[in-house]
Amino acid sequence: MNFLTFLVENINYLGGIALFLIGLHIVVTHSNLIKRIMGINIMGTGVFLFFVAIGYVKDGIPPIIIGGEPIYINPVPSVLILTGIVVSVSITVYSLALTIRIYQTFGTIDQKEISKLIQEEEYHD
Amino acid sequence: MINQLPILQLLLFLGMALSIPLLRKRRFNTTLRLGFIVLCLVLISSIFIYIHVISEGPILYYFGNHAQRLGIEFKVDAFSSFFTMFIVILAMIIYIYSSGDQTEGIEEKEYGRYYILFFILMMSMFGILYTNDLFNTYVFIEILSITTCAIISIKRKKDTYTSAFRYVMLNEIGSLSYLFGVALIYMATGYTNMTLVYESISQVWQTFPVNLIIAISFMIVGLGIKAAVFPFHIWLPDAHSSAPSTSSAILSAIVVKVYILVLTKVLFRVYGIDVLEALNIPVILMVLASIGMIMGSVFAIAQKDVKRMLGYSSVAQVGYIILGISLLTHDGLRAAFFHILSHGLMKTALFLSAGAIIFYKKTRRINDFDGLGYIMPVAMGLFSIAGLGMIGIPLTSGFISKLNLGLAVLELESWILLAIIIVSSLLNVIYYLPIIISAFLKNEKYHYRLETIEKTPKGMLIPLIILGVLIIGLGVFPEPIMNLIEYAITSLQA
Amino acid sequence: MEDKIVKTMTRMLLPFIQLYGIFIILNGHISPGGGFAGGAMIGTSLILYTIVFGLPKARKKFSHRAAEFMESGGLILYVAIGLIALIFGLPFLTNIEAGFSLGEPGKIFSAGMIPIIMIGIGIKVFSTMVSLFHILIEEEIS
């Protein structure tokens with residue numbers, strides 16, 4: 001029972017950690033370049049989820065003034081993550097532009113075949 | 001008025017980067033001269049800030065005039081302004097070299113883009129050193145990562161793209177690990193401002209020890225990937241072997257050091273020495289540094305390409321600096337900061353002279369360096385001076401930093417670390433000394449006479465000579481710089 | 001694309017998407033959203049136009065010169081508003097003490113300099129998204 005209540009109360013944090021680890025696994029094991037970029041995005045989403053979940057106050061409402069004395073959630077982490085999302089988007093765009101160039105040069109976007117092509121060239125040198 | 005100088009420096013760099021596309025119609029020399037004027041202005045203002053900060057205490061600058069726990073703060077003290085002076089001086093030397101560079105490392109139409117990236121890089125490095133907020137550091141670190149990646153992959157060759165892709169992937173994992181560490185610290189303390197976090201951690205570290213240990217571990221891994229500490233250094237040799245020589249100099253001499261400075265700031269200003277020793281953190285850093293010092297040199301011995309060898313040598317030298325920081329004593333920090341300075345100068349000299357040699361001889365293999373001392377005396381001479389400095393011969397600055405590191409280790413009476421330092425220095429000799437000897441003594445293959453001297457352009461010679469003078473000058477008169485470093489260390493621990 | 005339905009629906013929907021994006025930018029200080037989200041919406045509308053009608057027509061609507069102006073214009077607007085505070089001796093980006101008026105909360109013309117900065121951010125995000133997309137597509141065709 002204790003384990004289940006721990007799981008339900010901290011589900012946001014556990015989700016963030018799980019996404020981070022899944023993203024790391026994708027970047028390390030897959031060899032297709034586009035899948036690796038998606039893995040970086042998933043890792044980023046995991047960290048952002050963890051950060052935003054810190055600001056959640058139980059039974060709170062979004063921080064918009066409507067009158068009365070309600071309990072607001074903490075808006076500071078959400079504002080910080082807004083900047084973080086924009087940074088993550090710009091890194092994704094840069095990686096995609098590099099992938100287009102690699103495809104035009106090598107003809108493939110699989111990391112193993114690219115290594116083979118480079119090794120053959122060095123062998124011929 | 002002097003309070004506004006830090007933000008004006010950042011805006012000056014940004015304005016210079018934005019106005020380079022506007023000057024596209026005129027000749028390129030106007031852009032180069034304007035850039036040099038901007039760098040001189042920033043150097044003069046840095047010296048002013050340094051003199052002000054030593055006499056009157058740190059400058060605290062609150063953006064938007066908000067309170068300390070709500071807004072972003074810039075804290076300019078002796079530590080920040082000392083290292084910004086160092087960065088600007090090295091950047092000026094590399095700038096003069098690259099403006100006189102005729103080695104066709106960069107194509108004609110890419111020149112404008114190269115300098116835009118250069119100035120945005122300078123702005124982000126200044127931002128990292130000045131800021132007092134953990135999340136603001138993350139934003140500036142990301143700007144630095146993207147511009148560094150673009151500046152090393154500016155040539156359009158095949159191996160540039162794959163090494164740049166690997167660089168981006170690894171650096172992004174590093175940044176996200178750093179952000180995860182910041183999130184854990186925010187969870188335990190509730191602030192992101194560094195001074196408020198320090199006060200909070202000193203009260204709270206016994207109730208949340210696991211949070212703080214995991215946070216500092218993520219930060220060490222993240223910043224270690226970006227600073228090329230041993231197990232995470234895989235991207236550095238590939239990035240060096242496919243980049244133009246000025247970009248390699250910027251990457252290995254300045255950018256890598258800024259990440260080590262961020263780690264120092266986090267360790268000393270956010271956590272504090274007592275909490276670190278209670279949580280047993282320095283052992284991790286000592287182990288990583290020791291393995292890095294030895295394995296970096298071992299890998300460098302086996303290389304045939306001169307730029308890859310210099311890349312692996314950087315990995316070993318970063319190990320020295322991290323060892324100095326992990327001792328957590330006054331002498332250790334002094335040795336580490338002096339080694340940051342001297343390694344910056346020596347690596348820049350090595351890469352810039354290697355760039356000139358590679359262009360004029362059209363070869364990159366170490367075996368082809370025979371007899372080069374007779375064709376290109378100045379470039380090869382500077383390579384030799386910097387190489388002797390890396391080994392640690394007296395009269396160069398490398399000797400002073402190794403001496404200080406040895407003394408700092410002896411203070412803690414740790415014989416193992418002293419043995420590792422000596423073994424690593426001997427390994428350094430194995431791969432630097434043969435190049436120097438074969439360049440000046442082995443002349444049988446080519447029979448060069450002194451009349452066949454290649455003419456390297458003046459724009460490339462002057463920075464090399466300045467670097468040589470600085471390396472030997474720091475080795476013979478280290479006292480003035482040591483005094484400045486003392487101010488920096490006391491302001492770091494205040 | 002050659003499909004008549006997609007072309008007609010895009011032509012009808014595009015003004016509404018852009019109007020909604022402008023609404024979110026201007027109400028950045030009252031409700032969630034702000035410069036980033038609104039700029040992303042307007043950018044998405046032009047990306048949709050590019051995908052449906054092809055690159056040459058989209059280039060006529062959003063040329064190189066317009067992109068250059070908007071990118072640097074947004075950034076210069078942001079920095080200029082921040083520098084106004086430096087004239088009074090206050091730190092960068094100060095709001096109330098630098099003379100911007102705080103109206104009543106809940107109206108559009110309130111909260112000092114925040115709506116102006118939101119407009120600058122919105123213009124920069126939208127022009128960056130569209131020009132990056134055009135550059136990636138151009139590389140693929142050529």
Side-chain angles (χ1 to χ4, degrees), chain B residues 1-25 45 58-68 70-76 110 112-113 116 119-120 123-124 126-127 130-133 136 139-140 142-143 146 150 153 156 161 164 193, chain C residues 28-29 34-36 63-102 110-118 120-121 123-125 127-129 131-132 135-136 138-140 142:
Chain B
M1 178 57 201
I2 211 164
N3 280 0
Q4 315 276 13
L5 271 182
I7 189 67
L8 283 179
Q9 284 176 336
L10 291 181
L11 288 177
L12 196 59
F13 278 132
L14 189 61
M16 179 67 205
L18 279 181
S19 60
I20 289 185
L22 295 176
L23 296 174
R24 210 175 5 186
K25 300 286 170 51
S45 54
I59 300 178
L60 295 175
Y61 191 82
Y62 299 102
F63 274 88
N65 222 2
H66 295 141
Q68 192 181 21
L70 292 177
I72 298 178
E73 182 189 349
F74 266 15
K75 183 173 180 183
V76 182
E110 306 273 351
R113 296 180 199 169
I116 297 178
F119 283 109
I120 299 185
M123 176 190 94
S124 58
F126 271 55
Y130 283 153
T131 182
N132 201 22
D133 188 89
N136 206 13
V139 174
F140 280 122
E142 288 285 340
I143 302 178
I146 300 186
S153 63
R156 308 236 172 161
Y161 298 135
N193 193 341
Chain C
H29 51 290
F36 291 126
S63 55
H64 269 298
R65 278 187 65 82
E68 278 179 14
F69 268 127
M70 286 208 241
E71 285 207 29
S72 29
L75 187 59
I76 290 178
L77 179 66
Y78 193 100
V79 172
I81 297 273
L83 283 177
I84 288 183
L86 280 188
I87 304 178
F88 294 101
L90 296 163
F92 192 65
L93 282 179
T94 312
N95 203 350
I96 312 179
E97 292 99 346
F100 294 102
S101 69
L102 283 181
S110 60
M113 63 170 186
I114 297 186
I116 315 178
I117 287 193
M118 289 293 175
I121 295 179
I123 294 178
K124 178 133 180 72
V125 170
S127 71
T128 302
M129 271 184 76
S131 56
L132 279 175
I135 287 178
L136 285 181
E138 251 180 32
E139 295 282 348
E140 200 172 288
S142 69

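What you see below is based on every heavy atom in this structure, not just the backbone, and it leaves out hydrogens, waters and symmetry mates. Please read all numbers here as calculations on a predicted model, not as lab measurements. The sequence lines fix the lettering, A, B, ..., with proteins before strands; numbering per chain opens at 1.
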TODO: Identify which part of Tyr61(B) has an atom lying under 4.5 Å from any heavy atom of chain C, answering side chain, backbone, both or neither.
DONE: side chain

Task: Student check: side-chain heavy atoms of Thr94(C) and Phe88(C) closer than 4.5 Å - done: no

Task: Asn193(B) side chain to Glu73(B) backbone, donor-acceptor under 3.5 Å - done: no

TODO: Determine the option with the most heavy-atom pairs under 4.5 angstrom with chain C, choosing from Leu11(B), Leu14(B), Ile7(B).
DONE: Leu11(B)

- [ ] Could you tell me whether the side chain of Ser131(C) and the main chain of Ser127(C) form a donor-acceptor pair under 3.5 Å?
- [x] yes

Task: Part of Glu68(C) within contact of chain B (heavy atom distance under 4.5 Å) - done: side chain

TODO: Take the angle between the ring planes of Tyr130(B) and Phe74(B) and call it parallel below 30°, perpendicular above 60°, tilted in between.
DONE: tilted

